[in-house]
A.B. asks: 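Pasting a structure below so you can have a look.
Counting starts at 1 for both ligands and their atoms, following the listed order. Residue numbers run from 1 in the order of the sequence given. Values below: all heavy atoms of this structure, side chains included; hydrogens, waters and symmetry mates excluded. Just so we're clear, the structure is a prediction, and the values are computed from it rather than from any experiment.
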Amino acid sequence: MPGAARARELLGWLQPTSRVVTLALGATVILGLVFVVRTFLTWRRLRHVPGPFLNSITPLVLTYHCLKNDVTTYTYELSLKYGPLVRIQPNVVVHYDPDTFRRVCSVKANYSKGLWFEFSRWDLNRPSCIAMRDNESRKIRKTKLLPAASQGLSMAESRVDSQVRAFVDLVGRKYLSTPGSAKPMEFGHRAQFFTLDVVTSVTFGEAWGFLRRDGDVEKYLETTEAMIPMFGIFGSLPWLVLAVHAWPLSLAMPGEGDKIGFGRLMKFASDAVQKRLQPGDPNTEHDLIRAYLRNGLDPEDVVQECITLVVAGSETTSVALRMAMLCLLTTPSAYRKLQAEIDGFFADKKSANDSDSVISYADAKTLPYVQAVIREAMRLWPPSAGLFSKQVPDDGDTVHGFFLPPGTEVGQCVMGCGRDPRLWGADAHVFRPERWFEVGPERFEEMQAAVDLIFSSGKYVCLGKQVAYMELMKLFVEVFRRYDVAAHNNAQPLKLRDPVTWLSTDFFIRFTEREKA
Ligand code: HEM
């Protein structure tokens with residue numbers, strides 16, 4: 001009897017329920033086989049790249065570490081163990097070599113952005129530069145953005161100064177502890193208030209007012225804080241982005257009509273652009289919106305670029321502020337040297353007693369120890385710790401001697417660049433700003449270039465790098481010039497978790513007026 005007829009006869013003997021069970025079992029076996037074959041083929045594609053076996057067959061190991069809140073350290077430890085190139089997911093390899101970093105980001109290498117960047121599409125039909133994965137479109141967009149961003153920088157300083165004053169005022173108003181009266185400030189959130197007010201002010205010409213209110217505005221922080229861990233999870237399972245962008249999940253995406261949260265930022269950006277297009281607009285104030293419009297960017301694209309500026313420029317810089325503060329508070333020798341340098345600078349300045357003055361960026365750049373503290377903290381705790389994967393071009397590429405077929409995603413372990421003992425010595429994991437003074441000019445340049453990779457490189461380089469340095473330098477100078485700072489909870493200065501970058505809670509610090517010498 002032919003096979004198909006025999007199978008029909010056997011099925012006929014079964015009860016209807018047994019038939020359903022048998023069909024379900026059959027389907028499961030077939031799906032299981034498809035899964036095994038697919039997993040085998042994916043594994044085979046990059047089997048020559050070292051890494052843990054489990055990571056080479058499932059992306060979920062990385063997802064697990066995002067949920068466990070130790071993903072950056074995990075990636076770093078794997079890189080050291082298997083490096084210079086490690087397979088961290090079936091289709092993702094990671095490196096931590098500064099030269100490889102620069103090559104992958106160069107125009108010449110022709111890599112493009114990985115799937116994860118789709119997550120930074122705020123409007124599904126209109127990507128801003130950070131979400132553009134096609135190299136040609138990015139090039140055209142960035143040509144328009146770069147000159148405008150550098151014009152924007154020249155007017156950013158006065159806006160950063162206003163927010164530094166607002167922060168210092170807030171301390172004086174609410175958080176100055178005196179003997180017998182402790183008034184600790186939760187610095188993690190205040191750092192965000194500061195960076196959000198700076199970036200909204202530089203972008204829109206008007207700060208959102210987090211510092212003024214000393215609280216969240218339109219529940220923006222509450223909702224975005226909940227979103228940040230999603231960046232990690234989407235980073236480890238980037239195809240999820242496509243599911244979220246498709247109907248019906250797309251209906252849950254934030255929109256201009258929302259009463260709170262990210263949608264408010266979208267509405268604010270859209271209104272701010274519209275306001276500048278009105279015939280009666282005086283056009284006297286300078287901000288990035290005007291700079292972008294003047295540079296020929298379509299108004300609807302300007303809206304998307306403004307949202308990107310706020311997202312890209314706030315959490316990153318506040319992570320840098322928090323971790324630099326933590327490093328200082330836990331390293332008394334560095335704290336003392338930083339304050340001594342600041343005092344020395346102001347000792348013979350007329351502005352020393354002017355409570356309203358803020359150090360100029362040009363002057364701040366002459367303070368080598370302040371700069372060393374900031375660089376050293378960002379080296380150890382890079383705020384942009386995610387993989388930021390880029391896709392291998394059509395011809396494939398060879399990285400550290402391993403051929404990578406087209407479409408492979410190459411991620412970066414920026415923590416590895418900052419802690420590689422070959423570059424930083426046996427105490428690479430120690431916060432020691434002095435290391436920046438122990439080397440000749442050539443080595444110094446090499447170290448500086450490696451730390452700067454936290455801002456990416458080449459065609460992906462951050463547009464707000466100078467604004468970020470300006471914020472960090474000015475705030476530290478003006479705070480430590482006026483106040484002494486101490487961790488409030490000696491047993492645990494803060495609670496740290498790492499779903500994609502370092503997020504903190506309960507970072508309470510105390511400010512006291514400095515004793516005059
Ligand atoms: C310590 C603070 C900061 C760090 C570590 C940082 C890091 C980065 C990195 C790594 C990228 C590139 C991502 C990639 O495509 O691979 C980037 C892009 C970007 N950053 Fe920053 N950033 C910081 C502060 C800022 C600030 C203050 C602003 C705005 C004022 C800003 C605006 C942008 C923009 C607009 C992009 C997109 C550029 C593009 O797609 O070509 N960033 N940033």
A.B. asks: Just jot down the ligand 1 atoms closer than 4.0 angstrom to any heavy atom of Ala312, in number order.
C.D. replies: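 Going through ligand 1 atom by atom, the ones under 4.0 Å from Ala312 are 20 (N), 24 (C), 25 (C), 32 (C), 33 (C), 34 (C), 42 (N).
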A.B. asks: Okay, side chain of Arg133, backbone of Lys113: is any donor-acceptor separation there less than 3.5 Å?
C.D. replies: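 Such a contact is found between Arg133 side chain and Lys113 backbone.
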A.B. asks: Could a heavy atom of Lys390 be found less than 4.0 Å from some atom of ligand 1?
C.D. replies: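 Yes.
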A.B. asks: Can you confirm if the NZ or CZ of Lys365 lies within 45° of the ring axis of Tyr361 and under 6.0 Å from the centre of its six-membered ring?
C.D. replies: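 The answer is yes; both the distance and angle limits are met.
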A.B. asks: Tell me whether Arg375 forms a cation-pi arrangement with Trp436, defined as NZ or CZ under 6.0 Å from the six-membered ring centre and within 45 degrees of its axis.
C.D. replies: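 Cation-pi check for Arg375 and Trp436: passes.
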A.B. asks: Can you check whether Arg138 has an N/O within less than 3.5 Å of an N/O in ligand 1?
C.D. replies: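 Checking ligand 1 against Arg138, an N or O pair does fall under 3.5 Å apart.
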A.B. asks: I'd like the name of whichever of Ala320, Gly386, Cys462 reaches closest to atom 43 (N) of ligand 1 through any heavy atom.
C.D. replies: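 The nearest heavy atom belongs to Cys462.
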A.B. asks: I'd like to know if the side chain of Ser162 reaches the main chain of Ser158, judged simply by a donor and an acceptor atom lying under 3.5 Å from each other, with no hydrogens or angles considered.
C.D. replies: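 At least one qualifying donor-acceptor pair exists.
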A.B. asks: Which ligand 1 atoms, with their elements, are less than 4.0 angstrom from a heavy-atom of Tyr460?
C.D. replies: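 Going through ligand 1 atom by atom, the ones under 4.0 Å from Tyr460 are 12 (C), 15 (O).
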A.B. asks: Under 4.0 Å from a heavy atom of Ser456: which atoms of ligand 1 are those, numbered in the order shown and with their elements?
C.D. replies: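 Close to Ser456: 10 (C), 12 (C), 16 (O).
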A.B. asks: Mind checking whether Val202 has a heavy atom under 4.0 Å from ligand 1?
C.D. replies: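 No, that is not the case, since the closest heavy atom of the residue is not under 4.0 Å from the ligand.
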A.B. asks: Counting N and O atoms only, with roles assigned by atom type, does the side chain of Gln89 sit under 3.5 Å from a partner on the main chain of Pro59, one being a donor and the other an acceptor?
C.D. replies: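 Confirmed, Gln89 side chain pairs with Pro59 backbone.
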A.B. asks: Please check if the side chain of Arg379 supplies one atom and the backbone of Val451 the other of a donor-acceptor pair under 3.5 Å.
C.D. replies: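 Absent.
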A.B. asks: Cationic tip of Lys390 within the cone over Tyr460's six-membered ring, i.e. under 6.0 Å and within 45° of the normal?
C.D. replies: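 Output yes; distance and angle both within limits.
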A.B. asks: Quick test of your reading of the structure: of Ile307, Val319, Leu463, Val199, whose heavy atom lies closest to atom 35 (C) of ligand 1?
C.D. replies: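 Minimum heavy-atom distance to atom 35 (C) of ligand 1 goes to Leu463.
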A.B. asks: For ligand 1, is there an atom lying under 4.0 Å from some heavy atom of Lys113?
C.D. replies: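 Yes, that is the case, since the closest heavy atom of the residue is under 4.0 Å from the ligand.
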A.B. asks: Would you check the N or O atoms of Lys142, main chain and side chain alike, for any that come under 3.5 Å of an N or O of ligand 1?
C.D. replies: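 Yes: some nitrogen or oxygen of Lys142 is under 3.5 Å from one in ligand 1.
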A.B. asks: With a 4.0 Å cut-off on heavy atoms, does Phe117 reach ligand 1?
C.D. replies: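 Yes; Phe117 lies near enough to ligand 1 that a heavy-atom distance drops under 4.0 Å.
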